[in-house]
Amino acid sequence: MTDTKEPSQLTKAEARAELDRLAALLARANEAYHTEDAPEISDAEYDALKRRNAEIEEFFPGLKRTDSPSEQIGARPAEGFAKVTHAVRMLSLGNAFDDEDVHAFDRSVRKYLGLGEDAPLAYTSEPKIDGLSLSLRYEGGDLVQAATRGDGEIGENVTANARTIADIPERIDQAPEILEIRGEVYMSHQDFSKLNDRQAQRGGKSFANPRNAAAGSLRQLDATVTRDRPLRFFAYGWGEISAPLAETQGEAIERLAAMGFATNPLTRLVDGPEAMLAHYREIEAQRATLGYDIDGVVYKVNDLGLQARLGFRSTTPRWAIAHKFPAELAWTRLEAIDIQVGRTGALSPVARLTPVTVGGVVVSNATLHNEDYIAGRDARGEEIRAGKDIRVGDWVQVYRAGDVIPKIADVDLSKRPDGAKPYDFPTTCPECGSDAVREEGDAVRRCTGGLVCPAQAVEKLKHFVSRAAFDIEGLGAKQVEQFHRDGWIREPADIFILRDRYGSGIQQLKNREGWGEKSAENLFAAIEDSRRVDFNRLLFGLGIRHLGEVAAKDLARHFTDWPALAATADKAAEEGETGPAWAEFTGIDGIGDTLTRSLVTTLAQEEERASIERLIGHLDIQPLAARATDSPVAGKTVVFTGTLEKMTRAEAKARAEALGAKVSGSVSAKTDLLVAGPGAGSKAKKAAELGIKTLDEDGWLALVGDA
Ligand code: IVH
């Protein structure tokens, strides 16, 4: 959608903050959906959050969190069921949201396989069932185990429950010795409404939608309850198999049907993006009359040999994609525009809306990003929303997409009240009255109050105690606000003198709202523990603009301690941007001029620096531990050259990166390994001169265990 703030418009700090927020939101959504069967956000919103996360990660690869939501599927299994480790991981699907995404998927498959634009490439196309996935294990034709997806690696053993589902055969003939069938458990609309009526009569819990009803019914500890619930199952794939089912996806599905599984009757073979899109529209037109919920269409490369070559990214196959149906939108009135002041002084406008339901969730706030956005322009001055500005009193169209705060898609000018005025963006900070200025090239207006501005100070403190920084148990955003309001904590260093200063302070604390003797003691103990802090967490916790978690690690790896970093920053301030100290910063992989400028100027500000030094005086800073991993190429820099015959360059690169190697395009003293196919020229020569280990393609495959 055109009015989402593009990742390219985000500062690194904004991107990092948004990735943090998205990770927290997605973790909560997963928990609610998979473990509690009680989703708090709609599927479309969930997808939008994931997509937003992926977009930002793509633009800022260095900011990708180690626990990135794009690396995770589902949630941990609920307590109560035995755990099952899947022989083959149960993965998720990447998403396409529009026609272009589908074309891009086809292009990426072709590129990966080295196929030209006109080479024939068939796909299967089938409805995406909105249920929950199940893996059925057959040994010698007998059903021996049924497991939910769980987190993709470990699911729940629901065998007794699965045996009660009519669509799931107990025994199959002419099957390979080991056969894991994967598919979706769902409930039809008719059965869902009957179940809810029955539940209502019995005074039981009613379900929000058929998917929740299916999940709640399958995951009953008492299988006799499941037996009473009309669940169904469509088979669409497989996990471990002792012998191949067929040569193509389409034929494999036909075999599953012949074995007695229900397969979706709308499955078709299609010969490229145009046919995929035509089939998508056909399915979309039938959506309302199918009698069960679907949330999109899944396309899969038909040739199983090609599927094997394409393989997987960390959680999704390269050979399939889900083309999702669009998210919901709703119209409501913009009642007011409020300005919030962030940690770096950014003035963020927030729309206060007449509450409206969007995709099952009540929305009353939306982000307005910045003053250009309100005026109907993007960062480059080009029109967004066809140049329509947003005014208080307007009817606005709201949607929820990759952010905690919903966004505004459109404005209905025909309903604009008479006398509605263009929004006048403040030029002074609403919190401290200092000038709010917008620097050249910055989309955001910022308060110049620095430490004087209470809003900035509180936001900085909140950042300081956040999970990725000091993570002090018992000292969260709410407590920080309280302590700041009371003047007990004005800057991070104050946290560490809280006990001394307010000492018998436990007594004082104990009498405060929300604090008891135990929680106060726990807080002081947690503060004590947090004095010992990893160097990178300290750097991140300082809340310096553009200094995200990843850059903090990069700096901590390079400088190892605070005095070394501070001395180099001081030198850089003295020598300027062309001196060697500046170059020492920008020579670190992942650190650029923008961050260096921000770091050097922040440390050169007397008050800021004094505040940081006061903090450091209380800490026991730990150097960053070295990374350890067990693949033979982990941490190594690998270069591929010449013609590779058994894989495309993209395949080779993906495999190497999956094993923890860094793939580079050129040979230098930093190269650890050269993989040279026929026709290798200057790179092989240079590697030989530098004494770099060189392997041929087979040698590489043997090294990484793919031979
Ligand atoms: S294929 C490697 N086909 O959608 C993963 N999945 O968003 C292959 N789903 O986890 C999955 N209908 O639970 C596939 N026709 C279909 C599907 C389908 C629903 C679910 C499945 C999967 C999730 C991914």
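Indexing begins at 1, ligand by ligand and atom by atom, following the structure's order.
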message: Considering non-hydrogen atoms of the protein only, which is the closest contact for atom 5 (C) of ligand 1, and what is the distance?
response: L91 O, 3.7 Å
query: Between E100 and R107, is there a salt bridge with N-O shorter than 4.0 Å?
result: yes
- prompt: By number and element, which atoms of ligand 1 are closer than 4.0 Å to a non-hydrogen atom of R149?
  reply: 10 (O)
field: Shortest protein heavy-atom distance from atom 23 (C) of ligand 1, along with the residue and atom involved
entry: K128 NZ, 3.8 Å
Q286 atom CD, over 12 foreign heavy atoms within 6.0 Å: yes
- request: Please verify whether a non-hydrogen atom of M90 lies at under 4.0 Å from ligand 1.
  value: no
- prompt: Does the distance from a Lys or Arg side-chain N to an Asp or Glu carboxylate O, for E117 and R110, drop under 4.0 Å?
  reply: no
field: CD/Q199: more than 12 non-hydrogen atoms of other groups inside 6.0 Å
entry: yes
message: Using heavy atoms and a 4.0 Å limit, tell me yes or no: is A322 in contact with ligand 1?
response: no
task: Just let me know how L93 lines up against ligand 1, side chain, backbone, both or neither, with a heavy-atom cut-off below 4.0 Å.
output: both
message: Which of the numbered atoms in ligand 1 are under 4.0 angstrom from any heavy atom belonging to E126?
response: 15 (N)
- prompt: P127 near ligand 1, heavy-atom distance under 4.0 Å?
  reply: yes
query: Considering only the protein, which heavy-atom contact is closest to atom 12 (N) of ligand 1, and what is its distance?
result: I129 N, 2.9 Å
message: Less than 6.0 angstrom separating the ring centers of Y186 and Y236, yes or no?
response: no
message: In this structure, does ligand 1 have an atom that sits under 4.0 Å from one of the heavy atoms of K300?
response: yes
query: Looking at K83 and D151, does any basic side-chain N land under 4.0 Å from a carboxylate oxygen?
result: no
message: Take a 6.0 Å sphere around CD of E247 and say whether it holds more than 12 heavy atoms from other residues, nucleotides or ligands.
response: no
- prompt: Less than 6.0 Å separating the ring centroids of Y123 and Y299?
  reply: no
query: Applying a 4.0 Å heavy-atom criterion (strictly less than), which segment of E184 is in contact with ligand 1: side chain, backbone, both, or neither?
result: side chain
message: I need the atoms of ligand 1 closer than 4.0 Å to a non-hydrogen atom of P317, numbered in the order shown.
response: 2 (C)
- request: Begin with the C-alpha distance, continue with both residues' side-chain angles, and end with the deciding distance and a verdict on side chain to side chain donor-acceptor pair (under 3.5 Å) for N264 and T267.
  value: CA-CA 6 Å; N264 195 286; T267 308; 4.6 Å; no
message: Checking a contact table here: which protein heavy atom is nearest atom 21 (C) of ligand 1, and how many Å away?
response: Y236 OH, 3.0 Å
